[in-house]
Amino acid sequence: MHQIKNRKDIADFEKLLEKGIELGVVKEIEIFTTKIVSPQNKLVIIPNGILSNGNITNYTAEGILTIFHTFGVAYDAGIKQTKEVLMNAITSQEKVLKNNYTMIKMS
């Protein structure tokens with residue numbers, strides 16, 4: 001898990017929302033419908049009645065986007081070395097926050 005915080009970097013995802021099984025960037029809000037563009041670049045039209053009757057998750061409302069990644073690692077790979085390689089790859093990215101929230105978990 002790591003977090004990105006930079007308003008400029010996530011400006012395109014300012015209105016990244018998830019409603020039920022639909023996820024996308026808000027393109028347009030009309031009187032009866034809301035249009036979002038999915039990560040697969042599909043236009044999804046959602047009736048506003050549905051939006052007003054359930055939970056909506058806004059991933060970028062706080063200006064920080066937390067990202068979870070899952071990696072497959074060989075059984076014979078050293079756990080310590082694997083964690084070090086992953087941590088170095090994450091922390092070397094300038095858009096990743098330099099804080100104590102970055103963590104590597106193995107299961």
Side-chain angles (χ1 to χ4, degrees):
M1 174 180 79
H2 62 276
Q3 297 178 323
I4 298 173
K5 182 175 183 176
N6 185 329
R7 298 301 288 178
K8 183 178 135 204
D9 295 333
I10 62 172
D12 290 340
F13 298 99
E14 187 72 27
K15 297 178 182 175
L16 180 64
L17 301 175
E18 181 178 15
K19 169 63 183 163
I21 60 170
E22 300 296 342
L23 171 71
V25 177
V26 175
K27 179 177 182 175
E28 186 176 355
I29 300 172
E30 298 177 335
I31 190 163
F32 295 113
T33 61
T34 296
K35 296 177 181 178
I36 65 173
V37 178
S38 75
Q40 294 81 24
N41 206 30
K42 296 178 186 177
L43 179 64
V44 181
I45 302 171
I46 304 171
N48 288 338
I50 293 172
L51 293 173
S52 65
N53 292 323
N55 296 335
I56 297 174
T57 303
N58 185 334
Y59 288 98
T60 58
E62 299 299 317
I64 295 174
L65 183 59
T66 301
I67 302 171
F68 295 88
H69 294 285
T70 302
F71 300 97
V73 179
Y75 286 109
D76 60 346
I79 292 175
K80 184 177 179 181
Q81 182 182 9
T82 300
K83 284 184 173 184
E84 287 175 6
V85 168
L86 291 172
M87 187 61 79
N88 289 337
I90 292 168
T91 57
S92 67
Q93 302 300 310
E94 62 183 60
K95 294 181 181 181
V96 174
L97 287 176
K98 308 297 185 227
N99 60 27
N100 295 330
Y101 297 119
T102 302
M103 66 180 75
I104 308 292
K105 291 186 176 182
M106 309 289 277
S107 62

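The shown structure was predicted, so the numbers you read here are calculated from the model rather than taken from an experiment.
- Summarising the local packing, CG of Asn41 is surrounded by 12 or fewer heavy atoms from other residues, nucleotides or ligands at distances under 6.0 Å.
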Ignoring hydrogens and angles, write down the donor-acceptor pairs under 3.5 Å from the side chains of residues 74-81, residues two or more places apart or on other chains.
none

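- Under the rule for a salt bridge (charged side-chain N to carboxylate O under 4.0 Å, His left out), the partners of Glu30 that lie at least two apart in sequence or sit in another chain are Lys35.
- Take Gln93 and apply the side-chain contact (heavy atoms from CB on, under 4.5 Å) test, not counting sequence neighbours, and it matches Val96.
- Following chains of ILVMFWY side-chain contacts shorter than 4.5 Å, one cannot reach Phe32 starting from Val44, and the two form parts of different hydrophobic clusters.
- Note that the NZ atom of Lys27 and the CD1 atom of Ile36 stand 12.0 Å from one another [nearest 0.5 Å].
- Residue Ile104 forms a side chain to side chain contact (heavy atoms under 4.5 Å, CB included) with just one option from Thr82, Ile90, Val85, and that option is Ile90.
- Taken together through direct or relayed side-chain contacts under 4.5 Å among Ile, Leu, Val, Met, Phe, Trp and Tyr, Ile29 and Ile46 form part of one hydrophobic cluster.
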